[in-house]
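Everything numeric in this text was worked out from a predicted model, so none of it was measured.
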Amino acid sequence: MLSRLSEWFWNERLWFPEGLGWANLEGSDGLTYAKAADLWVTLPIALVFLIIRQIFERTVAIQMAAALGVKEKVRVRVEHNPTLESFFRISNKTPKQCEIERLGKKTGYSDRQIHRWFRRRRNQERPNKLKKFKEASWRFTFYLLAFIAGLAALIDKPWLYKMEEMWTGFPMLTLLPSQFWYYMIELGFYMSLLFSVASDVKRKDFKEQIVHHVATILLISFSWCVNYIRAGTLIMLVHDASDYLLESAKMFNYAGWRKACNYIFILFAVVFMITRLVIFPFWILHCTWVYPVTVYPPFFGYYFFNGLLFVLQCLHIFWAVLILRMAVKFLPGNNIVEDERSDREETDSEDDVKEQEDRKVPMKNGPVQNGHSPLNNNHHRKTE
């Protein structure tokens, strides 16, 4: 059963155009070609990345956070209540008014106390600013170094300037040491991101991130096996060109450097739009979808490879919409870019407003409240 499955999976008709096969990638005359077995190297590389990340976040990232003045807001921890904790974990983290009333009867808490308990409990589950900063600084460091390394590896290659050159001599494209390590390190890094996704900050595009990581790993692995090395290096370079800018903008955002964050975000948006919505679809996709059929007849691998590229392009469009939504924050009166994918922390004032809305008690001027007139109360709250 396994032998038949393996034979079907590695069938040359799936991976190569007619007349070509694995024998064409056998090294000869001192020439080296990419082999599927090389991909096992990425597993220890991914493990090394996970170890390096832990060391980096506990040393370098902490020092960077201190240098940029990242300050973490002290969160009030809730007092332990088995009834409320059980409801929070099993039933609902944001109970409805009828549920709050039932919980109040069981615990003896007022509606306001239960609102406050759940608000503070939800805030405890949200990742703190320092954790977000450390993750962003780790990705920023890698993407920046990867972009520099990729540019150095491709700067003297003809297919960087004339993309049709990526298919010259296909599939007998010799493997250079710089291409080998560029591939292995990039693939190892994305595998480490996939391994750590459960412990990383979960954002609103969590599912899209998973799809992106899986599609990227499949794309890099497949392009390696069928010797689409030149196309793969260009795709990785295009993606790394803007990623480090986004991560640096996040770092300055968490540090409260509003102007620096805004300027870097503008630069990131411009680079993202050019690389992901112009260069990627109209240069790279054109050269992997249109040009190859003039060289060899289409085959399964051709459709599979371009299908993954189209998945990435759909994700690019999805993220471009988020970027445009963030760009609205640059209008007059907006001073900071907030990550549209993140959940913001709830405040006491927000909870009080929600409580009033849930109970449908209108806010109105009336008699003395808490020992102050309504006007004095509002003034008192603003100054606290």
Side-chain angles (χ1 to χ4, degrees), residues 10 15-16 20-53 55-56 138-195 213 216-244 275 279-280 283-284 287-288 292 295 301 305 308-309:
W10 296 110
W15 297 79
F16 293 96
L20 299 173
W22 300 111
N24 297 103
L25 299 183
E26 292 295 333
S28 61
D29 300 328
L31 301 178
T32 304
Y33 299 98
K35 295 180 177 60
D38 296 333
L39 296 178
W40 289 108
V41 177
T42 60
L43 291 178
I45 290 178
L47 179 61
V48 170
F49 268 125
L50 292 174
I51 297 173
I52 294 176
R53 175 178 175 175
I55 298 173
F56 178 90
W138 164 247
R139 290 192 294 265
F140 162 77
T141 303
F142 175 82
Y143 290 138
L144 178 60
L145 294 177
F147 176 68
I148 295 173
L151 196 60
L154 294 173
I155 195 68
D156 60 341
K157 304 301 184 294
W159 57 87
L160 178 63
Y161 309 98
K162 188 178 180 181
M163 294 189 180
E164 289 82 358
E165 289 291 328
M166 72 173 69
W167 303 114
T168 302
F170 176 84
M172 286 73 75
L173 305 177
T174 56
L175 179 64
L176 302 175
S178 59
Q179 294 173 323
F180 175 85
W181 288 112
Y182 188 32
Y183 251 81
M184 295 301 108
I185 290 175
E186 284 272 357
L187 183 55
F189 178 77
Y190 279 106
M191 291 180 68
S192 72
L193 289 183
L194 190 62
F195 294 155
H213 293 340
T216 301
I217 291 172
L218 289 176
L219 184 63
I220 296 176
S221 301
F222 179 80
S223 64
W224 177 267
C225 291
V226 295
N227 218 11
Y228 281 11
I229 304 297
R230 296 176 180 178
T233 52
L234 289 176
I235 293 169
M236 291 188 293
L237 183 67
V238 165
H239 281 73
D240 291 337
S242 60
D243 286 341
Y244 70 92
T275 56
I279 294 178
F280 185 81
W283 269 269
I284 294 180
C287 207
T288 60
V295 180
F305 181 74
L308 291 175
L309 292 182

task: Kindly write out the residues that satisfy side-chain hydrogen bond (donor to acceptor under 3.5 Å, both in side chains) with S192, not counting sequence neighbours, or none if the list is empty.
output: none
query: side-chain hydrogen bond (donor to acceptor under 3.5 Å, both in side chains) with S223: which residues, sequence neighbours excluded?
result: Y183
Between [atom1] on residue [X] and [atom2] on residue [Y], distance to nearest 0.5 Å:
| X | Y | atom1 | atom2 | value |
| --- | --- | --- | --- | --- |
| N227 | K35 | CG | NZ | 9.5 Å |
| W181 | I45 | CH2 | CD1 | 5.5 Å |
| R53 | I55 | CZ | CD1 | 13.0 Å |
| D38 | S221 | CG | OG | 11.5 Å |
| I185 | F180 | CD1 | CZ | 9.5 Å |
| L151 | I148 | CG | CD1 | 8.5 Å |

field: Passing option when W224 is tested against L219, L187, L175, T42 for side chain to side chain contact (heavy atoms under 4.5 Å, CB included)
entry: L175
Tell me the closest heavy-atom pair linking [X] and [Y], and the distance in Å.
| X | Y | result |
| --- | --- | --- |
| Y182 | G150 | CZ-CA, 3.6 Å |
| A231 | T288 | CB-CG2, 4.4 Å |
| W159 | M166 | CB-N, 3.7 Å |
| L144 | Y244 | N-CB, 3.6 Å |

task: Just jot down the ring-ring contact (aromatic ring centres under 6.0 Å, His included) partners of Y143, sequence neighbours excluded, or say none.
output: F189
field: All ring-ring contact (aromatic ring centres under 6.0 Å, His included) counterparts of F305, not counting sequence neighbours
entry: Y228
message: When you measure from the side chain of Y161 to the backbone of I155, do you find a donor-acceptor pair of N or O atoms at a distance under 3.5 Å?
response: yes
query: How would you list, by chain and number, every residue that makes a salt bridge (charged side-chain N to carboxylate O under 4.0 Å, His left out) with D243, sequence neighbours excluded?
result: R276
Sequence neighbours excluded and cut-off under 3.5 Å, please list the side-chain donor-acceptor pairs for residues 233-240, or say none.
from : atom 1 : to   : atom 2 : distance (Å)
T233 : OG1    : I229 : O      : 3.2
T233 : OG1    : R230 : O      : 2.8
H239 : ND1    : I235 : O      : 2.8
H239 : NE2    : H316 : NE2    : 3.0

All side chain to side chain contact (heavy atoms under 4.5 Å, CB included) counterparts of [X], not counting sequence neighbours:
| X | result |
| --- | --- |
| V48 | I52 |
| L218 | V214, L308 |
| L43 | W40, M191 |

Centroid separation F195 to F49 less than 6.0 Å: no
- request: Output every pair passing salt bridge (charged side-chain N to carboxylate O under 4.0 Å, His left out) with a member in residues 154-165, not counting sequence neighbours, ordered by first then second residue.
  value: none
